[in-house]
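One structure is given here, and the rest of the page talks about it.
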Amino acid sequence: MQENVEKAPILKARAEEPGTNIGRCRVIELQPNDYASAIYNLHQDDNNRLNPDGTGWIVRSFFNLSDDKDSVLILREDRFDPTTEVRIPLPAGSQLIVDTQRFWHAVWHVGPEPRYCLITSYTSGPELDAYIEKYHGKPQDANPPLPQQVIDDAQTSMQRRLAERAATLASQGKRAAGAVAFDDDSESDSDD
Ligand SMILES: [Fe+2]
């Protein structure tokens, strides 16, 4: 929107820096939460359903605008398997590019202040590869430590809350929608 561009020319410039095609771009505010809530909110984005065949896969960037060094973006290959989890810290200036349709993801934001992040959808391809290379992007696979008991408790809480939600939906004659239960508009609660 032109109105937003006029208010935030630097954010616009940052979003355009990779020089590849941009989908949605927005700044999100995330209030503090806890690990168990983040695990419950793990979701996959629906980025590519409307893309024409033969065009680049859509991925998302997360440019952290606040300094949240104790908070993490949680990624899981398998929603229910914590051994597939990667936790990426979010200090000031973090720039992450993630295939959010492939990875289950949510942010655990410790707080106490709200977190702000510029989220932009990009088309994958040579331009984005060059941008990642320019800033020495590398895979993230070293997790900050987290006690096993915290992980186990969050798994139990997640299963309980999902069962409760399914029961509520069933009582209303609806079916739990799984991955699409958290659509794009609700993800400001958890995301990213
Ligand atoms: Fe998301």
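Remember, it's 1-based here, ligands and their atoms both numbered in the order they're listed. As the structure is a prediction and not an experimental result, all values here were calculated from the model.
- The existence of a salt bridge linking D81 and R76 is excluded, since no basic side-chain nitrogen approaches an acidic carboxylate oxygen closer than 4.0 Å.
- Put simply, the side chain of H105 never gets that close to the backbone of L42: no donor and acceptor are under 3.5 Å apart.
- The closest approach of H105 to the Fe ion (ligand 1), by N/O/S atoms, is made by NE2.
- Among residues two or more places apart in sequence or in another chain, the salt bridge (Lys or Arg N to Asp or Glu O under 4.0 Å) test is passed with E127 by none.
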| request: Output, in order, the C-alpha distance, side-chain angles, deciding distance and verdict of side-chain contact (heavy atoms from CB on, under 4.5 Å) for C117 and F63. | output: CA-CA 6 Å; C117 182; F63 293 176; 5.5 Å; no

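- In D45, the N, O or S atom that comes nearest to the Fe ion (ligand 1) is OD1.
- Atom NE2 is the N/O/S atom of H43 found closest to the Fe ion (ligand 1).
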